[in-house]
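Reviewing the structure listed below.
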Amino acid sequence: MLQENIDMFDLVIAEVHMPDMDGLKLLELVGLEMDLPVIMLSAHGETELVMKAISHGARDFLLKPVRLEELRNIWQHVIRNKESQFVWSVELHRKFLETVNQLGVDKAVPKKIFDLMNVENITREDVATHLQAFFQSFTL
DNA sequence: CTTCTAATAT
DNA sequence: CATATTAGAA
């Protein structure tokens with residue numbers, strides 16, 4: 001599945017002990033052929049095993065039973081690295097300001113600014129957040 | 001149902 | 001601090 005559809009996966013969580021393929025081998029394969037974080041899973045926390053997994057490139061090592069919280073944390077880390085954080089360059093901010101002025105401060109609402117700016121890789125939410133921060137800094 | 005916005009989380 | 005996410009209002 002991985003080899004056919006890399007794009008569909010963000011994260012691999014693999015049991016160390018598997019019927020046919022050794023979890024460590026999978027780890028090596030994935031690490032070698034694709035750029036996916038792999039998390040190893042096992043019922044036993046033998047130091048040797050854990051260290052082996054880590055040194056083979058595992059991002060983390062989970063012990064069964066896995067608590068929901070751990071899973072949550074890991075997922076969030078993966079997401080965070082995956083989607084780079086939006087950054088307001090000086091030019092972008094300039095454009096933003098122009099647009100706001102053009103609309104009139106009272107009529108400047110995220111959707112309108114967003115539509116008018118017409119910038120790639122930007123979302124309405126990005127604009128909304130920036131607008132919020134902008135007003136906030138203004139009232140300081 | 002979409003969008004806004006204050007509050008809150010990261 | 002800057003940006004992201006959420007909740008509840010509009």
### Task
Please state how far atom CZ in Phe135(A) lies from atom C1' in dA6(B), giving the value in whole angstrom units.
13 Å
## Note on the structure
Atom CG of Asp126(A) and atom C1' of dC4(B) are separated, to the nearest Å, by 15 Å
### Interatomic distance where NE2 belongs to His130(A) and C1' belongs to dA2(C) [whole Å]
10 Å
### Task
May I have the distance from Leu131(A) (atom CG) to dC4(B) (atom P), rounded to whole angstrom?
10 Å
Show which side-chain atoms of residues 109-122 of chain A pair as donor or acceptor with protein atoms under 3.5 Å away, not counting sequence neighbours.
{"residue": "Lys111(A)", "atom": "NZ", "partner": "Asp115(A)", "partner atom": "OD2", "Å": "3.0"}

### Task
Quick one: list whatever passes side-chain contact (heavy atoms from CB on, under 4.5 Å) with Val30(A), sequence neighbours left out.
Leu2(A), Leu26(A), Met34(A), Leu36(A), Val38(A)
Name the pairs: protein N/O against N/O of nucleotides 6-9 of chain C, kept only if under 3.5 Å.
none

## Note on the structure
Between Ala53(A) and Leu27(A) the two heavy atoms that sit nearest each other are O-CD2, 3.4 Å
### Message
Using a 4.0 Å cut-off on heavy atoms, which residues in residues 91-120 of chain A reach DNA chain B? List them by number, or say none.
### Response
Val109(A), Pro110(A), Lys111(A)
### Task
List the atom of Ser42(A), the atom of Glu15(A), and the distance in Å for their closest heavy-atom pair.
CA-OE2, 3.9 Å
### Task
State whether the number of non-hydrogen atoms from other residues, nucleotides or ligands found under 6.0 Å of Glu46(A) atom CD is greater than 12.
yes
### Task
Ignoring backbone atoms, test whether Arg124(A) places a side-chain nitrogen or oxygen under 4.0 Å from the OP1 or OP2 oxygen of dC4(B).
yes
### Query
Taking only residues two or more places apart in sequence, or in another chain, which ones meet Glu28(A) in a side-chain hydrogen bond (donor to acceptor under 3.5 Å, both in side chains)?
His56(A)
### Task
Would you state whether a donor and an acceptor, one from the side chain of Gln132(A) and one from the base of dA4(C), lie under 3.5 Å apart?
no
### Query
According to the side chain to side chain donor-acceptor pair (under 3.5 Å) rule, which pairs have a member within residues 88-97 of chain A, sequence neighbours left out?
His93(A)-His130(A), Arg94(A)-Glu98(A)
### Name of the residue among Ile54(A), Leu41(A), Val50(A), Ile39(A) meeting side-chain contact (heavy atoms from CB on, under 4.5 Å) with Asp60(A)
Ile39(A)
### Query
In whole Å, what is the span from the CZ atom of Phe86(A) to the C1' atom of dT3(C)?
10 Å
